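In listed order, ligands and their atoms are each counted from 1. When reading the values below, keep in mind they use all heavy atoms of this one structure, side chains included, and skip hydrogens, waters and symmetry mates. If you're wondering where the values come from, they're calculated on a predicted model, not measured in any experiment.
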Amino acid sequence: MNTLNWSELTFGFIPTDYNVRCTYKDGRWGHLEVSSDPFISVHMAATSLHYGQEAFEGLKAFMGKDGKIRVFRPDENAKRLQHTCDGIMMPKLPEELFIEAVKKAVMMNKRFVPPYGTGASLYIRPLLIGTSPQVGVKPSNEYLFLIFVTPVGPYFKEGFKPTPMVILRQYDRAAPLGTGTYKVGGNYAAGLLPGEKAHAMGYSAVLYLDAKEKKYIDECGPANFFGIRENTYITPESTSILPSITNKSLMQLAQDMGMKVEKRRVPVEELSTFEEAGACGTAAVISPIERIDDLDANVSYSFSKNGEAGPVCTKLYHKLRAIQYGDEPDVYHWNLIVE
Ligand SMILES: Cc1ncc(COP(=O)(O)O)c(C=O)c1O
């Protein structure tokens, strides 16, 4: 354990001591249980395996200079999981149970919370799966909810640097009125092929357009998109993107900094008017975008001068990170302190 080099950790999986679990049976959620077994035993006919009845979440815990562990906005993840539950017919996990499970998973694995100053954090992964055996396509009667945690390294090892992204018009991640607003595994399966293609071509992510008209911006791989123009923070409104908790937080901070915030449909051509652009999510907070190549339209949009992140992206990034690590006042009470 003492051999873990916190700053060198990747976004991989490092085993930790415990996970917490809770089952749903006979129409009720049971009690939280703690397990040290990283394996789960699942029936081969479980609905999660065949019909994708599974949902997950992702959030982080940060060690502060004051020695306190802060979890960023877990109540929002609890609500988003409930939204996903409604979408794919799973019983809603009560918010209090979700929060209790997060606290327990962090406390039981306290020794894996990376020290302040390393830029690393503890990633928290809640998972909810249908477990009843059946071959008919219908919702499961029984479910397993679990949370595991794993330490992850700083996202930007070589500094906060912009990367290029690509529009691949022959692929969609999610359909309007489909499952895009839910955090279900199927959306990520749909993104694997375009994502790997983009990486092979040297891009960090795919920027998806709306699947129906291919006119408007949806989101960037596993992150929301935003553009900055004339002191305005502009982010897409869409029925096929995941409502990002980071984006919601950045919209608030942008407003507090005196910026105008617009959440609306964003036509792809509008990219040419942005002074800065970024992808936002739990993993990186903000991943500044260097340029976006629309390969089929043979157009390229550039946002970064001399390979550096723009001033607004940089300011927002440092502000949100400072709140998460407890370096700046948490005026909206976003952090849950786990003791
Ligand atoms: C598809 C998708 N969009 C956006 C996000 C960003 O959401 P959040 O800020 O809540 O991490 C994520 C990651 O969680 C994601 O998987």
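A 6.0 Å sphere centred on CE of M89 holds no more than 12 heavy atoms belonging to other residues, nucleotides or ligands.
The part of A223 lying near ligand 1 is the backbone, judged by heavy-atom distances below 4.0 Å.
For atom 3 (N) of ligand 1, the candidate residues are E219, R80, K248, K60; the nearest heavy-atom contact is made by E219.
Within the 4.5 Å cutoff, the side chain of M201 has heavy atoms near those of the L295 side chain. A 4.5 Å side-chain heavy-atom check between L320 and F72 finds at least one atom pair inside the cut-off.
Atoms CD1 and CH2, on I323 and W334 in that order, are 5.0 Å from each other to the nearest 0.5 Å. Taking CD1 from I286 and SG from C313, the interatomic distance works out to 5.0 Å, rounded to the nearest 0.5 Å. The NE2 atom of H83 sits 12.0 Å away from the NZ atom of K183 when rounded to the nearest 0.5 Å. Rounded to the nearest 0.5 angstrom, F160 CZ and T314 OG1 are separated by 5.0 Å. The CG atom of L146 sits 11.0 Å away from atom CG of L32, with the distance rounded to the nearest 0.5 Å.
Nearest non-hydrogen protein atom to atom 11 (O) of ligand 1 is T282 OG1, 2.6 Å. Atom 5 (C) of ligand 1 has its closest protein heavy atom at P222 O, 3.4 Å.
The closest approach between G180 and ligand 1 stays at or above 4.0 Å for every heavy atom of the residue. A heavy-atom separation below 4.0 Å is found between K183 and ligand 1. Using 4.0 Å as the threshold, E76 has no heavy atom nearer than that to any atom of ligand 1.
Of all the atoms in ligand 1, the ones that sit under 4.0 Å from a non-hydrogen atom of Y188 are 1 (C), 2 (C), 15 (C), 16 (O). The distance from ligand 1 to the heavy atoms of R173 drops below 4.0 Å at these ligand atoms: 1 (C). Near G221, meaning under 4.0 Å from any of its heavy atoms, are these atoms of ligand 1: 1 (C). If you number the atoms of ligand 1 from 1 as listed, the ones under 4.0 Å from a heavy atom of N224 come out as 3 (N), 4 (C). Applying the 4.0 Å criterion to heavy atoms of G281 picks out, from ligand 1, the atoms 6 (C), 9 (O), 11 (O).
Checked by distance only, ligand 1 and N247 stay at 3.5 Å or farther apart across all their nitrogen or oxygen atoms.
At a threshold of 4.0 Å, the pair E276-R229 does not count as salt-bridged, since none of the basic side-chain nitrogens sits closer than that to a carboxylate oxygen.
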